[in-house]
Visitor: 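Just passing along the structure, written as structure tokens.
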Amino acid sequence: MAPRFRIRAVGSLVQKPGCPEWSTRALGPERLDYLCRGECYNPSDERLRITRIEIVRIRPQARPGEPVGG
């Protein structure tokens, strides 16, 4: 019998460009650019759509030196 799964998933939040105003006020533009290079966590209220979910099974090697196949 094939395994059955029950999952719940939500897409990640869509990022707004740049850094939020409060982070610029707290750190200053130079420090913020040094730390984040313009890639701040700046989420919107919108979520990305999930197009697929993959289930991956990783099996450990049974013995040292065992070839890891495809």
Side-chain angles (χ1 to χ4, degrees):
M1 183 168 161
R4 294 174 56 164
F5 299 92
R6 182 180 299 180
I7 62 167
R8 290 176 136 178
V10 294
S12 60
L13 294 171
V14 173
Q15 293 295 312
K16 296 178 193 174
C19 297
E21 174 82 23
W22 59 267
S23 62
T24 306
R25 282 193 313 262
L27 295 173
E30 296 84 20
R31 181 73 174 152
L32 196 60
D33 186 53
Y34 173 76
L35 292 171
C36 303
R37 306 259 192 251
E39 295 291 327
C40 295
Y41 179 66
N42 193 7
S44 67
D45 294 331
E46 183 183 349
R47 291 196 176 266
L48 295 171
R49 182 180 166 165
I50 296 174
T51 57
R52 70 177 192 212
I53 295 176
E54 294 183 19
I55 298 173
V56 178
R57 181 177 181 182
I58 300 174
R59 294 182 173 192
Q61 289 177 289
R63 60 185 171 3
E66 178 183 16
V68 179

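As a basis for the values below, the full set of heavy atoms in this structure was taken, side chains included, without hydrogen atoms, waters or symmetry mates.
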Visitor: Shortest non-hydrogen contact from I50 to G11?
Guide: CD1-N, 3.6 Å
Visitor: Please set out all donor-acceptor pairs under 3.5 angstrom arising from side-chain atoms of residues 13-23, sequence neighbours excluded.
Guide:
residue : atom : partner : partner atom : Å
Q15     : OE1  : N42     : N            : 2.8
S23     : OG   : P20     : O            : 2.7

Visitor: Not counting sequence neighbours, which residues clear side-chain contact (heavy atoms from CB on, under 4.5 Å) with E30? List them please.
Guide: none
Visitor: Can you name the residues that form a side chain to side chain donor-acceptor pair (under 3.5 Å) with R8, not counting sequence neighbours?
Guide: none
Visitor: Quick one: side-chain contact (heavy atoms from CB on, under 4.5 Å) partners of A26, sequence neighbours excluded?
Guide: none
Visitor: As an exercise, state the distance from OG of S12 to CZ of R49, rounded to the nearest 0.5 Å.
Guide: 14.0 Å
Visitor: Could you give the side-chain donor-acceptor pairs of residues 31-41 under 3.5 Å, partners two or more places apart or in another chain?
Guide:
none

Visitor: If hydrophobic clusters are built from ILVMFWY residues whose side chains come within less than 4.5 Å, do I53 and V56 share one?
Guide: no
Visitor: Apply salt bridge (charged side-chain N to carboxylate O under 4.0 Å, His left out) to R52 and list each qualifying residue two or more places apart in sequence or on a separate chain.
Guide: E54
Visitor: Quick one: list whatever passes side-chain contact (heavy atoms from CB on, under 4.5 Å) with I55, sequence neighbours left out.
Guide: F5
